[in-house]
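Working notes, structure below.
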Amino acid sequence: MSHSHTAPLKRLAVLSVHTSPLAPLGSRYAGGMNVYLRELILELDRRGIQVDAFTRGVHQPPFTALPMGQRSQVIYVDMGPGKGLSTDELVSRLPRFSAQVLEHVQRTGADYDALFSHYWLSGLAGLCLRGELGRPLYHMFHTLGRVKNLALPPTASPDERASPRRIAAEQAIVLEVDGLVASTEQEKRELLTLYQADPAKIAVIPPGVNTAQFHPTDPVQARDRLGLPRSWRIALFVGRIQQIKGIDVLLFAFDRLRRHSEAPEDLHLLCLGGDKPGSPRMSPEQRRLMELASRLDLEDSVHFLGAKDQASLLDFYNAADVVVLPSRAESFGLVALEAMACGTPVVASRTGGLPSIVSDGVNGFLCPVGDEECLATQMGRILGNPELREWLGENALERARRQSWPRVSNCIVRLLSGELLADQRRSPAPRDEPCVSRD
Ligand code: UDP
């Protein structure tokens, strides 16, 4: 049953079952989606829309509400005990999640104009709640199980793979929801070809970047603040430490770059995300990568620094000469946009959303997935040529500024109030022209 209709958006329920919009970033389950939700909720709130974001609480008493902005809140729902449960383990507890959201609605009289769910788990809860509340459900996957599995090497552990249960759930969500947000034309194609989605239900709306938070600053001062030597030539990786991010390929590329360099001692690679070395919580993937770095004799030049508070990333992006994203798959790649908003060029693999932000030879470079030689060459070009770096960086800045949150949220509001898909049905958006670039 479809609940699509056009109605002004005043009150919105966001569903984010397994991870909170307020979670600390860089750990296994907190990355781009958390940032996306936080920024979107704050922006909608600034526009006068009241958002209730429901998420699983572990330490908080049930229905604890933390304010966001002027009128919005994150509401913690009790799904039973257990820290660090996998998303598959949480499925059986979804009825409990939905029942509590309904309890909140009944108790407070909250009347939502629409539901907006994120990631497949929340999509399942959304389908149940849509039936109960009779309001349209919009969904954003952030990552798709089938795409992830196609991108992982055959050796990937079952832990890294998307389960059949997840894929079946994604399929059901695609068929049932009122509207889907794809971050890129590429994701739209994946929804069409791998999940047989109805094109009339898909809006392509890329995420935004907070340009007040990420902007160019003096790189020398940024290094001084971080205690990084001025003489270093710095490549930077930022993200969750997972196999899908391709950090192993980056280590091989960096090794190659050093072997071909006249001053290898100046070359340094910083990896932000995961845990500090030595921490007992360190994931097997991070252990594997650190072992690889030491096998390649890179212990003095590759620095695993653990996850950093997002506020401190401004200095890291500005201190770096180049940011490298060697992902095997990447639904969007917020880190690329953040680095570019600081005027730092990006070398990225040509996958997922990355080519929609990085233009090869214009504001950075693109390499085929897994191509360590290309990564080494393009990092080397930027690190060895400050003028090229500056020129690419200026173009990167210009590109990132086109994707600020106020512009992106215009599209989201149009979608959630039913306008965007109705307009699209009347005059289909030209290919490769997502909502934001028409504003
Ligand atoms: N991030 C952070 N600290 C870290 C690592 C990552 O704040 O140590 C943030 C980063 O700023 C970005 C997000 O986490 O906004 C990662 O998003 P991205 O889309 O690049 O990757 P995802 O996690 O969605 O795969």
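Residues: numbered from 1 along the sequence shown. Counting starts at 1 for both ligands and their atoms, following the listed order. Scope of the values below: all heavy atoms of this structure, side chains included, with no hydrogens, waters or symmetry mates.
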Numbering the atoms of ligand 1 from 1, which are under 4.0 Å from a heavy atom of [X]?
X: Gly273; answer: 8 (O)
X: Glu338; answer: 10 (C), 11 (O), 12 (C), 15 (O)
X: Glu330; answer: 21 (O), 25 (O)
X: Val238; answer: 5 (C), 6 (C)
X: Val35; answer: 13 (C), 15 (O)
X: Lys308; answer: 2 (C), 3 (N), 4 (C), 7 (O), 8 (O)
X: Ala307; answer: 8 (O)

> Given the side-chain rings of Phe214 and Tyr317, with only the six-membered ring counted for Trp, is the space between their centroids under 6.0 Å?
Replying inline: yes

> Between Trp120 and His142, is the gap from one ring center to the other below 6.0 Å?
Replying inline: no

>> Would Leu298 and Arg258 count as a side chain to side chain contact (heavy atoms under 4.5 Å, CB included) here? Give the steps.
In response: CA-CA 9 Å; Leu298 296 174; Arg258 275 176 59 95; 3.7 Å; yes

> Are the charged groups of Asp360 and Arg381 less than 4.0 angstrom apart, N to O?
Replying inline: no

> Salt-bridged, Arg166 to Glu170, with N to O below 4.0 Å?
Replying inline: yes

> Is a side-chain N or O of Asn318 found less than 3.5 angstrom from the main chain of Thr217, in a donor-acceptor match?
Replying inline: yes

> Backbone or side chain, does any N or O of Leu334 fall under 3.5 Å from an N or O of ligand 1?
Replying inline: yes

> Is there at least one pair of N or O atoms, one from Val335 and one from ligand 1, spaced under 3.5 Å apart?
Replying inline: yes

> Quick one: does Lys245 get within less than 4.0 Å of ligand 1, heavy atoms only?
Replying inline: yes

Specify side chain, backbone, both or neither for [X], according to which of its non-hydrogen atoms lie closer than 4.0 Å to ligand 1.
X: Arg240; value: side chain
X: Leu313; value: side chain
X: Leu325; value: neither

> Do the rings of Tyr112 and Phe54 sit parallel, tilted or perpendicular, given the 30° and 60° boundaries?
Replying inline: perpendicular

>> Tell me whether Arg146 forms a cation-pi arrangement with Tyr195, defined as NZ or CZ under 6.0 Å from the six-membered ring centre and within 45 degrees of its axis.
In response: yes

> Side chains of Val408 and Trp405: closer than 4.5 Å at any heavy-atom pair?
Replying inline: yes

